[in-house]
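Heads up: the structure comes next, in structure tokens.
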2 protein chains.
Amino acid sequence: MRANSLTQIKPASETGRHGEMRCVECPIRYRAVCAQCESDELSLLEGMKFYRSFEPGQPIVWEGDRMDFVASVVIGVATLTQTLEDGRTQMVGLLLPSDFLGRPGRDHAAYNASATSKVVLCCFRRKPFDELMRTMPHIAHRLLEMTLDELDAAREWMLLLGRKTAREKIASFITIIARREAALRKSRPGGRMEIELPLTRDAMADYLGLTLETVSRQVSALKKDGVITLNGKRGVILHDFARLVGESGDDADGGLLA
Amino acid sequence: MRANSLTQIKPASETGRHGEMRCVECPIRYRAVCAQCESDELSLLEGMKFYRSFEPGQPIVWEGDRMDFVASVVIGVATLTQTLEDGRTQMVGLLLPSDFLGRPGRDHAAYNASATSKVVLCCFRRKPFDELMRTMPHIAHRLLEMTLDELDAAREWMLLLGRKTAREKIASFITIIARREAALRKSRPGGRMEIELPLTRDAMADYLGLTLETVSRQVSALKKDGVITLNGKRGVILHDFARLVGESGDDADGGLLA
DNA sequence: CGTCACTTTGACATTGATCAATTAACGTGG
DNA sequence: CCACGTTAATTGATCAATGTCAAAGTGACG
């Protein structure tokens, strides 16, 4: 088993700070940890938050680093990865807008986090945030809900890693992305869809527990079999969503949790 | 890829109810969801709880079933598994004493849960428990903490499933069990240890994303190489804990989260 | 002592990994 | 707008790890 190449390491400093953005206008207002906050609570958060940006490929935090903040992803895609001593890596989290980074009460990062696209984080210093957890039940409650959802997603992912074939893994991954894109447009996935993969082949391999060659081959196979058409490196045209789901190995009713 | 044989299905009814047990004497008093409750809170729980028992191999709930209770494992070992449409199964949770079963706010089971040994659950009907989540911050807080721990464990498990070799998977599994047995005795794992595997080869295969034949072969290989000695079907003697950790593929400091 | 469930071991097939070129897509500067 | 250079993606040939099918061994328990 060969180690996948690590994302190249660049300095971990943030590349920018942002001026004001009002929470009520925030694109993740209704999905993030703050989703259930009232306007008076929001204005409290307003005074505490600060923004940090990262460029594609940049590390956000490294496993074991001191981490004195927690954050919500506002824009972009970030990944959490774990590493074996010989360098093999496995992605263990894919953070999209509204997802939460960091753990209240823990002051060191448990995973490597990197930006795979331009990323903007809405950050809170950890200590004050821990305090919020005690004083604002809406935050604690929402965080529990989000953590339970993440646990469900992790378990779906475990099924994929442990038991699916390479082809099923690829089909499942594309299905997940298609579902999410549909959700963003507030529509149901189905029929013909055009989507954009948020990861390189190499990152897909890290996500799926494969090598990038196998990822490439199976993507090509799905293309050859008429399940998908490629459009540049990242673009995928799905001719029939149901057909793809059929390739994923899941139960017909599967993916409710994804 | 062949499906592992499912645990045989027996009627899902509980096999017994228990009389009183006082919370203050409960063996999981300081680790379960109720860990942070004060004595007045405990007496409230005392009036709501009820016990259910299950025999080895018995299903507790089936994916999709209505589930009108949540519970803590008091005694025994239970598993959560997911299934692909053709019957392949992957274990996604291993529930030990003090672990929590069910999700507040969700009325249908997301996974199959079965007893692998005699199991005793401390149960609460879901509706009243949901109410407790709002009125007793100690419960909600502890449940968040436990869920975050489970998420960490799930991510460790994902690394195992996605990137470890069969030998490393076996070594990792034995390491996890050894760590837990040490924790029960409030000692540090290390040196020579005698442990008891809580799962059959078949269940280990479901846990590790392998077949039972591969599990058996790799256990034999570790024996041949002098890392372990077998003692009956379930007994394992570890001659040197560090040696086993070295076989697991993890970083030297790994497993902090397990 | 026999039965049954679990485990081990063997022979062979298959999947996906590895090593190695080659090709395609995209950004840059002319 | 095009040629170039760089990075990502594809494809091919081969091999090792693990799955599959089959049979025999082991231990617990009635």
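Given the structure is predicted, the values throughout are model-derived calculations rather than measurements. Lettering of chains follows the sequences in order, A, B, ..., and the numbering in each one begins at 1.
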(request) Could you tell me whether R155(B) and E150(A) have a side-chain N and a carboxylate O separated by less than 4.0 Å? (result) yes

(request) May I have the distance from K223(A) (atom NZ) to dA24(C) (atom P), rounded to whole angstrom? (result) 10 Å

(message) When you measure from the side-chain N and O atoms of S216(A) to the phosphate of dA9(D), is any distance below 4.0 Å, counting only OP1 and OP2?
(response) no

(request) Apply side-chain hydrogen bond (donor to acceptor under 3.5 Å, both in side chains) to S172(B) and list each qualifying residue two or more places apart in sequence or on a separate chain. (result) K164(B)

(request) Just compare dT18(D), dA8(D), dT7(C) and give me whichever is closest to any side-chain atom of K233(A). (result) dA8(D)

(message) By nearest atom, which of the nucleotides dT18(D), dG16(C), dA5(C) is closest to the L210(A) side chain?
(response) dG16(C)

(message) Using 0.5 Å steps for rounding, measure from the CD atom of E194(B) to the CG atom of L238(B).
(response) 9.5 Å

(message) Is it the case that atom CZ in R180(A) sees more than 12 heavy atoms from other parts of the structure closer than 6.0 Å?
(response) yes

(request) Find the distance K224(A):NZ to dA9(D):C1' and express it as a whole number of Å. (result) 18 Å

(request) Test for a donor-acceptor pair under 3.5 Å between the base of dG16(C) and the side chain of R167(A), counting only N and O atoms. (result) no

(request) Grab the CG-P distance between D202(A) and dA25(C) for me, whole Å please. (result) 19 Å

(message) If the cut-off is 4.0 Å, is S220(A) near the phosphate of dT11(D), judged by side-chain N/O to OP1 or OP2?
(response) yes

(message) Classify G209(B) by what it touches in the nucleic acid, base, sugar-phosphate, or nothing, heavy-atom distance under 4.0 Å.
(response) sugar-phosphate

(message) Can you measure I170(A) atom CD1 to dG16(C) atom P for me and round it to whole angstrom units?
(response) 10 Å

(request) Take atom CZ of R201(A) and atom P of dG16(C), then tell me their distance rounded to the nearest Å. (result) 17 Å

(message) Measuring from the side chain of T165(A) (C-beta onward, heavy atoms only), which nucleotide among dG16(C), dT18(D), dT7(C) has the closest atom?
(response) dG16(C)

(request) Check if the side chain of R217(B) and the base of dG10(C) share a donor-acceptor pair of N or O atoms closer than 3.5 Å. (result) yes

(request) Compare the minimum distances between each of dT18(D), dT11(D), dT7(D) and the side chain of E213(A), then state the nucleotide with the smallest one. (result) dT11(D)

(message) Between Y207(A) and D202(A), do the side chains contain a donor N or O and an acceptor N or O under 3.5 Å apart?
(response) no

(request) Can you tell me the distance, in whole Å, between the CG atom of L212(A) and the P atom of dG12(D)? (result) 16 Å

(message) Does L230(B) reach a base, just sugar-phosphate, or nothing at all? Heavy atoms under 4.0 Å.
(response) sugar-phosphate

(request) Return the nearest nucleotide to the side chain of T214(A); candidates are dA17(C), dG12(D), dA9(D). (result) dA17(C)

